[in-house]
Structures are given as C-alpha cells and as structure tokens.
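See structure below.
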Amino acid sequence: MSDRLDGWAAANRPSGRAWDISTAETQSIPVQGTTQSMPAQGTPGVPTKPAPYRRGEETVSAPTLTPTPEPEPTPTVRRRAPKEPLSQRRRIIRLAIVTVSALLLASGSAYVWADTQLNREVDLGKSPDRPPPGKGTNYLIVGSDSREGLSEQARKNLRTGSAEGRRTDSMMVLHTGSNGTTMMSLPRDSWVTIPGFLRPDTGKTFAPSQNKLNAAYSMGGPDLLVSTIERNTGLRIDHYAEIGFSGFVDVVDAVGGVRMCVDRDIKDPKSGLDLQKGCHTLDGAKALAFVRQRKQEAKGDLGRTQNQQKFLAALADKAATPGVLANPFAAFPTVRAGLDTLIVDKDMGLRNLMSLFEAMKGVTSGDGRQLNVPVANPNLRTSKGSAVQWNVTQARRLFDQLRNDQPVDIAPPTP
C-alpha cells in the first residue's frame with residue numbers, strides 16, 4: 001500500500017516548471033498566523049504581474065523595463081513667400097496718403113495754435129443800449145495807426161511818424177447774408193454823435209457830443225467806437241477785428257505781396273508812395289503807403305476809403321486762395337504775421353476770421369458790393385475842423401437794407 005501511494009505521489013507531483021508557475025500565480029494571505037496561498041486575480045494560468053523571487057528572507061523584484069520613447073517629430077518650419085515689390089502706382093498712393101495725413105496733422109496743429117493766440121480784448125456784450133440783432137452778420141474792420149511792434153528804423157522807413165497810442169486810420173462794416181456781401185466804408189472824419197461814456201483810466205464821465213468818428217476811438221478805444229457806430233447806424237456789430245501798421249505790413253509780405261493797378265501816376269511825399277500808371281505787386285511797405293495816402297486823391301478821405309476797400313479785397317483774395325489755406329506751411333506764416341497786432345472781440349474765433357476773409361474775397365469776385373456811406377457834404381465846417389456830413393435820408397435807407405439783409409440798391413461811389 002505504501003509503495004502504491006508513493007508511486008501515485010511521484011506520478012502526480014508537479015514538475016519544477018509547473019511549480020514555479022504555480023508559485024508565481026499565488027500570493028500569500030495571512031490568516032490567523034498562517035499563510036494561505038490564493039490564486040491571483042486575472043486570467044487563470046497567465047501571469048498579470050511578474051512575481052517576486054524569494055531568496056531566503058529577502059525578496060527581489062523583477063527589473064521593470066522602461067519603454068523607449070518614440071522620437072518627437074521635427075516641426076515643419078513654414079517660410080513666407082518673398083514679398084513682391086510695390087508697383088509704382090501703389091507707391092504713389094501710399095506716399096500720397098502719408099503726405100495728406102501729415103498735412104492734416106500740421107494744419108490742425110497750426111489751427112489750434114493760432115486760435116489760442118488771438119487777442120480777444122473787445123467785449124461787445126458790455127456796450128449799453130445796443131440795437132436789436134438784425135439778419136446776417138456784421139463785421140467791423142478797423143485799421144489803426146498803432147506803431148506797436150515797429151522799431152525806430154522801421155517807423156522811419158514806413159514814414160509812420162512817432163505818435164504814441166492808437167487812432168483809427170480806416171473803418172469798414174462788412175455785412176454778409178443771403179443777398180451777398182456789402183463792404184461799406186465809414187470815413188474817419190464823419191460827423192457823428194458820440195454817446196456818453198466813462199473813461200476807465202480817469203473815472204471821468206463824458207456827456208454825449210458831436211465829433212468826428214475817429215475821436216470816439218481816441219477817447220474810448222474800441223468799446224466807444226462800436227457804441228458810436230451802432231448808435232449812428234442802427235446796425236448791431238457782431239464781430240470786431242483791428243490790425244495795426246506792423247501787422248498789416250507783415251501780412252502783405254507773408255502772402256508775397258498784392259497786385260494792384262492804378263490809372264494814373266501817384267507820388268505822395270508824406271507817405272513815400274511813388275507809383276507809375278499801370279499794375280504793380282506791392283510789398284508791405286508800399287501797400288501801407290497806398291492805403292494811407294489821401295493828399296493825391298481828388299476826393300480826399302473818400303478817395304482813400306475807396307483805395308482801402310480795393311486793396312483789402314485784393315489782399316483777402318490772395319490770402320484766401322486754396323493754395324494758401326490748404327498748405328499749412330504757407331498759411332502758418334500768413335496767420336502768424338497778423339497775430340502780433342490783431343485785436344478781436346471775445347466771441348471771435350479763427351473760423352470767424354476765415355469767414356471774414358472769404359466774404360472779402362467774394363467782393364472782388366462779383367458776389368458783393370463796395371461802397372461808402374452816402375455823403376451830403378465832404379467838407380463840412382465844424383468846431384473840430386473839416387468833417388464829412390452823411391446824407392441822412394440815403395444813409396438810413398442803406399442801414400435799413402443791411403439790417404434786414406435786403407438787396408442794396410444804393411449806387412456805389414464813382415471812381
């Protein structure tokens with residue numbers, strides 16, 4: 001029996017390879033101090049994890065093989081195709097855009113700068129008893145004999161004299177409206193009523209009086225001059241612009257001179273004007289002499305006002321040309337030249353000045369009229385010397401037409 005059992009045990013004993021596999025497929029689970037082998041989870045007969053090799057009490061894990069990473073693909077570098085050279089037309093367009101942008105920036109900068117430099121010292125709103133607003137816009141343009149900004153040598157060269165202070169050399173009302181532009185000169189020797197006023201520098205009060213128009217400016221400056229013109233014409237002045245000798249000369253020179261034609265020889269020792277019959281381009285000095293001289297005019301002061309209107313319209317035509325206004329490098333010297341002696345009202349802006357120039361330019365192009373206030377007596381004898389007496393009936397009619405922005409039918413003065 002013993003031999004039979006031994007034979008059966010020997011026949012059924014697993015081989016060494018089978019023992020190893022059986023050992024690898026089992027793990028020890030301690031149960032009450034004993035170790036019981038349980039089959040490992042997974043597919044029977046297939047090891048899911050290498051079993052540790054036991055060498056006595058030391059257990060050594062089988063070496064773990066680390067997979068070799070696959071090499072990363074080399075990134076593909078995409079190169080831009082070379083730019084095609086710009087065509088001549090595209091270059092011109094691009095250059096034009098850059099140029100226009102630069103010009104607009106320069107124009108805007110010059111515009112803002114010039115607007116901030118305006119000398120706004122005349123307050124039209126504080127004048128008492130002003131006439132009601134009319135239709136259209138009325139500009140009062142004043143040329144003063146201020147020598148401010150002129151050196152002693154310049155005064156000698158321009159023959160302006162050495163008188164200090166400011167006096168009016170010319171006064172014009174420029175009306176713009178739906179019926180065109182009317183430039184009306186007011187002779188400086190016009191015999192008018194000067195309203196009562198208070199001189200701020202002395203505190204002395206003056207009663208209304210009869211005097212020459214330019215006396216109002218001498219006694220009370222621009223404020224009294226505006227009040228006097230408004231009272232005697234019934235026209236409400238909307239804007240005021242005044243320029244002195246120095247500014248006038250500089251503006252004419254800045255635009256490169258103004259072309260004027262005269263129908264006779266003019267030689268005036270007092271102003272220094274010496275022109276031959278024909279057309280001339282007058283620089284600043286000659287232009288100043290031209291608008292100031294009156295001794296050689298048959299109509300005296302009335303003839304001078306006609307020359308002033310004629311010249312100012314030509315100056316505006318030159319200064320307001322598209323080539324000057326659109327080019328900041330040409331417009332900037334023109335604007336800057338007049339700022340030194342230019343005085344305007346508190347509501348005047350650079351846009352208003354441009355409108356004034358455009359309106360004056362329209363007079364020369366036929367869209368307006370140039371005339372003097374109607375005169376009854378150019379040599380009225382007064383306590384203040386010879387004065388100009390207005391034709392009251394015709395003057396009132398003219399003022400009414402301007403106030404109501406109606407067509408003007410007063411005959412212009414004969415040359």
Side-chain angles (χ1 to χ4, degrees), residues 129 140-146 159-173 183-197 199 204-235 237 264 266-271 273 289-310 370-400 402 410-415:
D129 304 324
L140 178 58
I141 305 171
V142 176
S144 75
D145 64 358
S146 171
R159 302 192 182 190
T160 62
S162 57
E164 298 298 330
R166 290 153 52 187
R167 285 156 294 276
T168 54
D169 231 36
S170 62
M171 289 158 284
M172 301 178 190
V173 173
M183 184 185 293
M184 177 183 66
S185 288
L186 303 173
R188 68 177 189 173
D189 291 338
S190 297
W191 192 245
V192 296
T193 298
I194 297 179
F197 67 99
R199 290 196 66 162
K204 185 177 180 179
T205 301
F206 292 83
S209 63
Q210 292 289 114
N211 209 326
K212 295 181 181 180
L213 182 58
N214 63 349
Y217 186 94
S218 299
M219 293 187 293
D223 295 333
L224 185 57
L225 176 63
V226 171
S227 296
T228 301
I229 291 176
E230 288 187 339
R231 174 166 180 172
N232 287 269
T233 65
L235 297 172
I237 302 301
R264 57 186 173 82
I266 302 177
K267 189 170 184 178
D268 182 39
K270 187 173 182 179
S271 65
L273 183 65
F290 177 76
V291 299
R292 295 190 66 208
Q293 67 87 23
R294 62 173 176 171
K295 299 297 184 180
Q296 306 303 315
E297 297 298 326
K299 296 182 180 181
D301 197 39
L302 295 178
R304 179 170 69 168
T305 59
Q306 293 180 23
N307 288 339
Q308 292 170 347
Q309 288 183 350
K310 184 179 179 181
Q370 303 177 55
L371 49 82
N372 283 321
V373 61
V375 172
N377 186 357
N379 193 23
L380 178 67
R381 300 298 175 181
T382 71
S383 59
K384 305 296 182 180
S386 178
V388 175
Q389 183 181 27
W390 294 354
N391 184 318
V392 178
T393 301
Q394 293 187 12
R396 285 180 178 175
R397 181 180 177 182
L398 172 61
F399 301 152
D400 287 342
L402 295 177
I410 301 297
T414 55

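Quick note: residue numbers are just sequence positions, from 1. Hydrogens, waters and symmetry mates are skipped; everything else that's a heavy atom, side chains included, is used.
For the salt bridge (charged side-chain N to carboxylate O under 4.0 Å, His left out) condition, the pairs that include at least one residue of residues 214-228, sequence neighbours left out, are Lys126-Asp223.
Considering all non-hydrogen atoms of both residues, Val373 and Phe399 come closest at CG2-CZ, 3.7 Å. The shortest non-hydrogen separation linking Leu213 to Pro187 is CD2-O, 3.9 Å. Residues Leu224 and Pro195 share a closest heavy-atom pair of CD1-O, 4.0 Å. Ala216 and Ile194 get closest at one heavy-atom pair: N-CD1, 3.7 Å. The minimum heavy-atom distance linking Asp189 with Lys212 is given by the pair OD1-CD, 3.7 Å.
Within a 6.0 Å radius of CZ in Arg199, other residues, nucleotides and ligands contribute more than 12 heavy atoms.
Applying the side-chain contact (heavy atoms from CB on, under 4.5 Å) test to Asn307 and every residue at least two apart in sequence or in another chain returns Phe290, Gln293, Glu297. Residues passing the side-chain contact (heavy atoms from CB on, under 4.5 Å) test with Ser185, sequence neighbours excluded: Met172, Thr305, Gln309, Asn372. Checked against side-chain contact (heavy atoms from CB on, under 4.5 Å), Gln389 has the following partners two or more places apart in sequence or in another chain: Asn377, Leu380. In this structure Asn232 satisfies the side-chain contact (heavy atoms from CB on, under 4.5 Å) test together with Val192, Thr193, Thr228, Trp390, sequence neighbours excluded. A search for side chain to side chain donor-acceptor pair (under 3.5 Å) contacts involving Ser386 returns Asn379, not counting sequence neighbours.
Distance alone, capped at 3.5 Å, places no donor-acceptor pair between the Gln210 side chain and the Trp191 backbone.
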- Task: Step by step, work out the side chain to side chain contact (heavy atoms under 4.5 Å, CB included) result for Leu140 and Ile229.
- Result: CA-CA 9 Å; Leu140 178 58; Ile229 291 176; 3.6 Å; yes
- For Arg188 and Met171, run side chain to side chain contact (heavy atoms under 4.5 Å, CB included): C-alpha distance rounded to whole Å, both residues' side-chain angles, the deciding distance at 0.1 Å, then the answer. CA-CA 7 Å; Arg188 68 177 189 173; Met171 289 158 284; 3.6 Å; yes
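Separation of atoms CG (Asp129) and CD (Glu230) is listed at 10.5 Å; rounding is to 0.5 Å. To the nearest 0.5 Å, atoms CG (Asn214) and OG (Ser170) are separated by 11.0 Å. Summarising the geometry, atom CZ belonging to Phe206 is positioned 7.5 Å from atom CE belonging to Met219; distances are rounded to the nearest 0.5 Å.
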